[in-house]
Participant: 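To start, I am sharing the structure in question, which I have written as structure tokens.
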Amino acid sequence: MTRAAQPAPPPAISPSLRVLLVLAATVVVLAGVYFARSLIGPLALAIVLVVICEPVRRPLQRRGWPRWTGTTAVILLAYLVLAIMGVLLWVAGVQFAGLVSDYLDQLRGSLDDFLAWLQSVGLDQQATDAAASVLDPTALLRVVGSVGGTVIGVVTALFFVVSYIIFTAADAARYRDAERVFGAGRRPVLARIGRLNTGVRRYYVVNASFGAVVAIIDGLALWALGVPAPIVWAVLAFVTNFIPNIGFVLGLIPPAVLAFVVGGWPLLLAVIAIYCVVNVVLQVLVQPKFVSDAVDLSLTLSFFSVVFWTFVIGPLGAILSIPLTLFVRTLVLEGDPGSLWLRWLSGDRTATPASAARESLSDS
């Protein structure tokens, strides 16, 4: 006589309660990151810079040079990248502030003409007041002041970034020995970290390449059209190219407004047309294919990550949004076999049942 199989015991925690606990823990962690963003933002930037510059260590190691030479090369290259970006942003910010002051009266006149046109086409007073509050030149001056405050905050954070780069570059040299020290037992974890670092490097290489092309074309076009300070807007186009999806709009608004001030509607429409053709072809049609191959993130998640990380850690979050999202996916999802579905939803094309089976065989 066979005994009936005992029913499986109920789970200790119901699925709905487990989801609520995960969400609660996520909120607590994100709140901590938000309140410590002045420390975490520079640390994230330093880590990304070291990851980008890390390959410069390899040829020195192949030649048998001491380890400290590779670490020094990584640090110096990271400082060079940081200095170049800082100088570009400083020059662009100073010239932008000067432009706003020089063209303040013309901005007011153009605003009055624009509001009169809105009323002539039948917009009510409430809509006209809303447009006036957005386009008010004094509001632009406040924006310039806030940009200046942001720049001061970034300069203050550079002290931490410079220090973090030294520490993370030195630790990166030590972490390269992890597989030799721990053997094959940690190989899957190290492989995930390697894929994360490769994805971050590819993402910034792709964005820097396309950003340089877009900046050169936009700058030459603005120079040919006679828009003041084309170099400023070229730098802005290059920097905003690192902000997924919405960077094109952020880089278009200032030169478009200035074109309207100095040239009226014809110059405004010409600038918008050139930006749309150049940026839509390169940034919307061509670049996403290369970015997708580099990082395997869905377009929806890429767009949401910009808004989310900007809210959590401030302006740096817009530029670091993709690496931070990749880090969270690597830390939370890639080590959990049950999260294959979530990884696939996030855009990871390697997250398939067949690849999971191969990973489990390699782990064993």
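It should be emphasised that the depicted structure is a prediction, and the values quoted were computed from it without experimental measurement.
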Participant: Spell out, yes or no, whether Leu220 and Ile217 are grouped together once hydrophobic residues are joined by side-chain heavy atoms under 4.5 Å, including indirect joins.
Facilitator: no
Participant: Assess the residue pair Trp233 and Asp218 against the criterion (side-chain contact (heavy atoms from CB on, under 4.5 Å)); give the C-alpha distance rounded to whole Å, side-chain angles, the decisive distance to 0.1 Å, and a yes or no.
Facilitator: CA-CA 8 Å; Trp233 314 127; Asp218 289 344; over 6 Å; no
Participant: What pair of heavy atoms forms the shortest contact from Pro228 to Leu258, and how long is it?
Facilitator: O-CD2, 3.7 Å
Participant: Under the side-chain contact (heavy atoms from CB on, under 4.5 Å) test against Leu49, which residue among Leu82, Leu77, Val74 passes?
Facilitator: Leu82
Participant: Compare all side-chain heavy atoms of Val312 with those of Trp309 and state whether any distance is below 4.5 angstrom.
Facilitator: yes
Participant: Got a second to check how far Glu54's CD is from Ile47's CD1, nearest 0.5 Å?
Facilitator: 12.5 Å
Participant: For Ser346, give me all partners under side chain to side chain donor-acceptor pair (under 3.5 Å), at least two apart in sequence or on another chain.
Facilitator: Arg329
Participant: With a 4.5 Å cut-off on side-chain heavy atoms, are Thr310 and Ser321 touching?
Facilitator: no
Participant: Quick one, Ile274 and Leu225 - any side-chain contact, counting heavy atoms below 4.5 Å?
Facilitator: yes
Participant: Do the non-hydrogen side-chain atoms of Tyr79 and Ile166 ever get within less than 4.5 Å of each other?
Facilitator: yes
Participant: If you count heavy atoms of other groups shown closer than 6.0 angstrom to CG of Leu301, is the number above 12?
Facilitator: yes
Participant: To the nearest 0.5 Å, what is the distance between CG on Leu196 and OG1 on Thr330?
Facilitator: 4.5 Å
Participant: Which atom names give the shortest non-hydrogen contact between Arg201 and Val51, and what distance separates them?
Facilitator: NH1-O, 2.8 Å
Participant: Would a 4.5 Å heavy-atom cut-off, applied to side chains only, mark Val27 and Leu23 as touching?
Facilitator: no
Participant: Do the side chain of Arg57 and the main chain of Ala169 share a donor and acceptor less than 3.5 angstrom apart?
Facilitator: yes
Participant: Sequence neighbours excluded, which residues qualify as ring-ring contact (aromatic ring centres under 6.0 Å, His included) partners of Phe167?
Facilitator: none
Participant: Could you go step by step and tell me if Val81 and Ile52 meet the side-chain contact (heavy atoms from CB on, under 4.5 Å) rule?
Facilitator: CA-CA 10 Å; Val81 173; Ile52 294 173; 6.0 Å; no
Participant: With rounding to the nearest 0.5 Å, note down the distance linking CG in Leu60 to CZ in Arg58.
Facilitator: 12.0 Å
Participant: Is a side-chain N or O of Arg63 found less than 3.5 angstrom from the main chain of Pro59, in a donor-acceptor match?
Facilitator: yes
Participant: Starting from the C-alpha separation in whole Å, work towards a yes-or-no answer on side-chain contact (heavy atoms from CB on, under 4.5 Å) for Ile313 and Leu324.
Facilitator: CA-CA 11 Å; Ile313 66 172; Leu324 289 172; 3.6 Å; yes
Participant: Specify the closest pair of heavy atoms between Leu236 and Pro254, including all atoms of both residues, with the distance to one decimal.
Facilitator: CD2-CG, 3.8 Å
Participant: Could you check if a side-chain atom of Leu30 sits within less than 4.5 angstrom of a side-chain atom of Phe308, using non-hydrogen atoms only?
Facilitator: yes
Participant: Excluding sequence neighbours, so at least two apart, what forms ring-ring contact (aromatic ring centres under 6.0 Å, His included) with Trp65?
Facilitator: none
Participant: Anything under 30° is parallel, anything over 60° is perpendicular, the rest tilted; go ahead and classify Phe260 against Trp265.
Facilitator: perpendicular
Participant: May I ask you to decide if the ring planes of Phe242 and Phe238 are parallel, tilted or perpendicular, using 30° and 60° as cut-offs?
Facilitator: perpendicular
Participant: Taking all atoms of both residues into account, what is the closest heavy-atom pair of Ala237 and Ala215, and its distance?
Facilitator: CB-CA, 4.3 Å
Participant: Does the pair Asn197 and Ile193 meet the rule for a side-chain contact (heavy atoms from CB on, under 4.5 Å), with working shown?
Facilitator: CA-CA 6 Å; Asn197 293 343; Ile193 295 175; 3.9 Å; yes
Participant: State, yes or no, whether a side-chain contact exists between Arg37 and Ile40 at a heavy-atom distance under 4.5 Å.
Facilitator: no
